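Since the structure comes first, as structure tokens, the remarks are kept for the end.
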Amino acid sequence: MKLDVVILAAGKGTRMNSNLPKVLHRIGGRSMLEHVIAAAEKLGNICLHLVIGYGGEQIKQHVALSVDVGSINWAIQEPQLGTGHAVQQTVAALNSNHKDNLVLILYGDVPLIKTTTLEKLLSLANAETLSLLTLITDDPTGLGRIIRGDGNAITAIVEEKDASAEQREIKEINSGIMAIPTIKLVRWLGELKNHNAQGEYYLTDVVAMAAKENCNIVANVIEEDFEIQGVNDKSQLASLERRYQMNKVDDLLAAGVTLRDPARVDIRGELEIGKDVEIDINAIFEGEVVLGNDVVVGANVIISDSVIGDGSVILPGSNIDGGIIGKNVSIGPYARIRPGTILKDNVKIGNFVETKNAIIGKGSKASHLAYIGDAELGENVNIGAGTIVCNYDGINKHKTRIGNNVFVGSNSVLVAPLELADNAFIAAGSTINRDVPADNLAIGRGKQRNIPGWKRPVKK
Ligand code: UD1
Ligand code: CA
């Protein structure tokens with residue numbers, strides 16, 4: 001039996017002051033909508049319904065690019081006449097063939113909801129029971145209030161704009177997230193009226209309908225409010241971002257990582273760590289990053305979609321994107337490792353060295369100021385300061401192959417396609433555009449002349 005999950009994402013989000021649809025704004029590097037979809041997907045066996053309106057096409061494109069889910073039922077809500085009206089747009093596609101079927105309502109702008117919380121909420125709902133996620137808060141301003149009657153039973157949800165002064169004092173609020181028996185929901189949605197302060201079709205009105213029919217209504221009172229916090233403006237987006245980062249950092253600390261300052265690390269994706277990892281301030285991790293045992297990450301390092309092997313050290317200011325880094329490698333300070341770079345064990349990449357599409361063999365070094373692109377280097381190669389691999393002729397990229405124990409003198413230019421065989425030695429300042437056989441010295445530069453008695457120019 002599939003669970004229908006409806007995610008509301010039709011609103012414009014005027015207060016975001018942005019052209020981007022609200023649910024595409026990001027937290028921890030992923031759109032709010034991606035977070036919500038991921039939390040729902042983890043429930044397993046769901047049928048996903050996305051209600052879109054403002055920026056609908058952009059949302060569809062984003063989901064197609066970034067989310068790996070099965071089919072989605074896209075429901076267009078145009079115009080947007082309220083949350084009840086939004087859910088009405090999905091009715092034809094809901095699985096309403098069995099009385100035990102449930103619909104879970106989520107919001108594209110409530111990004112940090114946890115799967116475990118949703119599982120709890122769903123476990124409370126059934127064919128005769130609607131379950132709500134509520135919160136008790138000192139500041140209920142703007143939110144729907146949970147009305148309880150005899151024996152504390154929930155009888156209705158009243159929106160703030162429709163609430164009496166007395167009802168506004170109520171501290172229990174509606175998160176909006178609820179699980180509802182499908183067949184009943186479909187019937188209730190058909191009976192919604194918009195006779196209220198906002199002239200909208202409120203989803204929350206189904207609660208009073210349920211109470212009238214003696215359908216059970218249970219509340220799961222949530223403890224951690226961040227899970228149900230919605231984002232309406234940039235300030236709320238920023239505070240949820242912080243909250244999200246704090247949660248990530250707590251997990252890392254629990255797993256044994258040493259963080260020089262937990263408030264100054266950002267994880268925008270998934271970070272997997274080994275034992276005894278140390279991370280200095282202002283490190284940013286993007287996409288999928290794996291740090292092995294005893295890895296040290298210096299200050300101001302950015303690592304994206306990379307794997308760093310045991311014992312490797314990333315010195316301050318380095319940027320690693322799409323790298324596969326072996327064991328006991330030293331990178332930086334201020335190195336740039338670009339996609340397609342594979343550094344084998346004990347490699348050293350020093351300051352102001354850039355690599356791209358480069359496989360660098362065990363123990364090889366490029367300690368200062370070099371560019372190594374579209375190249376394959378053997379073991380124990382030494383790349384002198386200022387060496388440039390010219391991989392691009394303006395039209396095509398070409399490959400450079402360098403054997404084991406090759407020594408490239410400082411300020412050399414290696415014009416690809418090129419092969420330097422084992423033990424080749426390149427004299428400093430050479431421009432090399434012909435292959436160098438094994439054990440050869442190659443000198444490719446103008447000969448030095450010394451001119452005795454040369455007079456310096458004099459000022460006129
Ligand atoms: C809603 C609830 C309120 C709850 C609050 C929690 C209703 C009537 N009220 O109020 O009880 O305390 O959320 O934040 O449900 N949306 C659509 N189409 C629409 C209207 C809204 O897709 O026609 C989407 C919005 O994009 C947004 C969400 O539904 O993501 C909530 O809508 P919003 O207008 O913000 O509802 P609230 O007034 O905050
Ligand atoms: Ca809202």
Side-chain angles (χ1 to χ4, degrees), residues 5-16 18 20-25 31-33 35-37 49-56 58-59 73-91 103-113 130 132-137 139-147 154-163 167-168 170-178 180 185 188-189 192-209 217 219 221-222 225-233 236-237 240:
V5 177
V6 175
I7 302 178
L8 303 194
K12 179 159 194 270
T14 311
R15 281 178 287 159
M16 296 298 278
S18 163
L20 192 67
K22 178 158 79 167
V23 297
L24 299 191
H25 285 270
S31 69
M32 294 198 278
L33 187 57
H35 284 280
V36 179
I37 292 174
H49 307 265
L50 269 169
V51 183
I52 51 173
Y54 179 81
Q58 216 176 329
I59 293 173
N73 168 39
W74 294 98
I76 318 282
Q77 188 200 16
E78 199 67 74
Q80 287 120 39
L81 305 178
T83 50
H85 179 252
V87 180
Q88 275 169 1
Q89 311 312 309
T90 68
V91 161
V103 177
L104 175 67
I105 309 285
L106 300 175
Y107 299 82
D109 59 358
V110 181
L112 302 189
I113 186 68
L130 180 163
L132 304 171
L133 201 56
T134 71
L135 172 77
I136 296 176
T137 171
D139 183 15
T141 312
L143 298 164
R145 309 297 203 277
I146 305 293
I147 311 295
I154 294 173
T155 57
I157 295 175
V158 174
E159 293 306 299
E160 175 158 289
K161 287 186 177 133
D162 303 293
Q167 287 170 331
R168 286 185 194 195
I170 295 170
K171 300 277 190 264
E172 187 179 8
I173 60 94
N174 170 36
S175 73
I177 295 172
M178 48 183 100
I180 316 170
L185 173 67
W188 293 330
L189 287 175
L192 286 180
K193 299 275 178 331
N194 63 350
H195 303 154
N196 52 53
Q198 303 184 79
E200 288 183 3
Y201 295 92
Y202 291 164
L203 176 64
T204 44
D205 283 353
V206 304
V207 173
M209 293 176 179
I217 303 163
V221 183
I222 201 167
D225 63 351
F226 72 85
E227 278 195 64
I228 59 158
Q229 247 152 38
V231 170
N232 295 310
D233 57 31
Q236 288 169 334
L237 184 72
L240 271 198

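We count ligands from 1, going down the list as the structure has it; atoms in each ligand are counted the same way. Values in this document were obtained by computation on a predicted structure and should not be read as measured data.
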Any N or O of [X] that comes nearer than 3.5 Å to an N or O of ligand 1?
X      : value
Ile157 : no
Asn174 : yes
Gln198 : no
Gly108 : no
Tyr107 : no
Thr83  : yes

Okay, side chain of [X], backbone of [Y]: is any donor-acceptor separation there less than 3.5 Å?
X      : Y      : answer
Asp109 : Gly230 : no
Lys22  : Val231 : yes
Thr134 : Glu172 : no
Asn196 : Glu200 : yes

* Is there a heavy atom of His85 sitting under 4.0 angstrom from any atom of ligand 1? ->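 In this structure, His85 fails to qualify as a contact of ligand 1 - no heavy atom is under 4.0 Å.
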* Does Val51 have a non-hydrogen atom less than 4.0 Å from ligand 1? ->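 Heavy atoms of Val51 never come under 4.0 Å of ligand 1.
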* For atom NZ of Lys161, decide whether the heavy atoms of other residues, nucleotides or ligands shown that lie under 6.0 angstrom number more than 12. =>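 Open.
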* **Under-4.0 Å heavy-atom contact with ligand 1, by part of Lys22 that carries it** =>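 Lys22 to ligand 1: no contact under 4.0 Å from either part.
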* To do: Please work out whether any backbone atom (N, CA, C, O) or any side-chain heavy atom from C-beta onward of Val23 is under 4.0 Å from ligand 1, and answer side chain, backbone, both or neither.
  =>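 Neither; no heavy atom under 4.0 Å.
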Where ligand 1 meets [X] - atom numbers and elements under 4.0 angstrom, heavy-atom basis:
X      : value
Gly144 : 3 (C), 4 (C), 11 (O), 12 (O)
Ala10  : 17 (C), 18 (N), 22 (O), 26 (O)
Glu159 : 2 (C), 3 (C), 7 (C), 8 (C), 9 (N), 10 (O), 11 (O)
Leu81  : 23 (O)
Gly11  : 22 (O), 26 (O)
Gln77  : 17 (C), 18 (N), 19 (C), 22 (O), 23 (O)
Thr204 : 7 (C), 8 (C), 9 (N), 11 (O), 15 (O)

* Asked: Evaluating non-hydrogen atoms only, which member of Gly230, Ala86, Gly84, Gly82 is closest to atom 23 (O) of ligand 1?
  ->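 Selected option, by shortest heavy-atom distance: Gly82.
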* Asked: Out of Ile7, Asp109, Leu8, who gets a non-hydrogen atom closest to atom 27 (C) of ligand 1?
  ->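 The nearest heavy atom belongs to Asp109.
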* Walk me through it: do Leu50 and Ile37 pass the test side-chain contact (heavy atoms from CB on, under 4.5 Å)? => CA-CA 10 Å; Leu50 269 169; Ile37 292 174; 4.1 Å; yes
* To the nearest 0.5 Å, tell me how far Asn194 CG sits from Tyr201 OH. =>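 Rounded to the nearest 0.5 Å, the CG-OH separation comes out at 4.0 Å.
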* **With sequence neighbours excluded, residues passing salt bridge (charged side-chain N to carboxylate O under 4.0 Å, His left out) with Glu78** =>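 Glu78: no salt bridge (charged side-chain N to carboxylate O under 4.0 Å, His left out) contacts found.
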Heavy-atom distance under 4.5 Å between the side chains of [X] and [Y], does that happen here?
X      : Y      : answer
Glu159 : Thr204 : yes
Glu160 : Arg168 : yes
Val110 : Val36  : no
Ile177 : Ile222 : no

